[in-house]
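These numbers come from the heavy atoms of this one structure, side chains and all, not from hydrogens, waters or symmetry mates. Along the sequence shown, residues carry numbers from 1. Note that the coordinates shown come from a computational prediction; the quantities given were computed from them, not determined experimentally.
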Amino acid sequence: MDKGNNTLTDGEKLRYWLDFSVCRGNFNNVVSRLVSACMVSPTTFNNWRYGKCRIPAAAKRDMNKVAVEVSGKEIFTVVQPEAYSEGVSGVASGETI
């Protein structure tokens with residue numbers, strides 16, 4: 001069953017990366033590194049892995065750092081907030097036209 005990467009949930013992306021990018025001999029060490037990088041318990045990590053709860057953006061960022069060190073590719077695409085373009089104020093002036 002081949003799903004496009006955009007249709008996978010975050011838990012599925014994490015499981016897919018663990019299954020196909022991490023060798024079995026190094027699996028437990030990588031999971032331990034991910035748990036310590038995210039500063040969560042193994043139970044919370046397993047809840048993320050099996051889709052029981054949402055993975056926060058900060059944890060995705062931390063997991064991506066470990067993933068790049070281990071396999072050379074990121075697990076998640078973390079979207080950066082849009083920045084204001086030059087000359088555009090982020091604060092309303094309060095005046096209506």
K.L.:
Does Asp19 pair with Arg24 as a salt bridge, N-O distance under 4.0 Å?
P.N.:
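Yes, charged N to carboxylate O under 4.0 Å.
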
K.L.:
Relative to each other, are the rings of Phe45 and Trp48 parallel, tilted or perpendicular (30° and 60° limits)?
P.N.:
perpendicular

K.L.:
Can you tell me how far apart CZ (Phe76) and CG (Asp62) are? Round to the nearest 0.5 Å.
P.N.:
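One gets 11.0 Å once the value is rounded to the nearest 0.5 Å.
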
K.L.:
Answer whether the closest heavy-atom distance between the side chains of Leu18 and Leu14 falls below 4.5 Å.
P.N.:
yes

K.L.:
Between NZ of Lys65 and SG of Cys38, what distance do you get to the nearest 0.5 Å?
P.N.:
10.5 Å

K.L.:
Provide the closest heavy-atom pair for Ala37 versus Val66 in the form atom of the first, atom of the second, distance.
P.N.:
CB-CG2, 3.7 Å

K.L.:
Take Leu34 and Val30 through the test side-chain contact (heavy atoms from CB on, under 4.5 Å) and record every step on the way to the result.
P.N.:
CA-CA 6 Å; Leu34 290 170; Val30 171; 4.2 Å; yes

K.L.:
Indicate if Met63 and Val68 have the same hydrophobic cluster label, given that clusters are the connected sets of ILVMFWY residues with side-chain heavy-atom separations under 4.5 angstrom.
P.N.:
no

K.L.:
Under a 3.5 Å cutoff, is there a donor and acceptor pairing between the side chains of Asn64 and Arg61?
P.N.:
no

K.L.:
Please examine the side chains of Glu74 and Trp17, heavy atoms only from C-beta on, and report whether any two atoms are closer than 4.5 Å.
P.N.:
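No. Closest side-chain heavy atoms not under 4.5 Å.
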
K.L.:
Compare all side-chain heavy atoms of Tyr16 with those of Ile75 and state whether any distance is below 4.5 angstrom.
P.N.:
no

K.L.:
When you measure from the side chain of Arg15 to the backbone N and O of Arg49, does any donor-acceptor pair fall under 3.5 Å?
P.N.:
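Answer holds: yes.
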
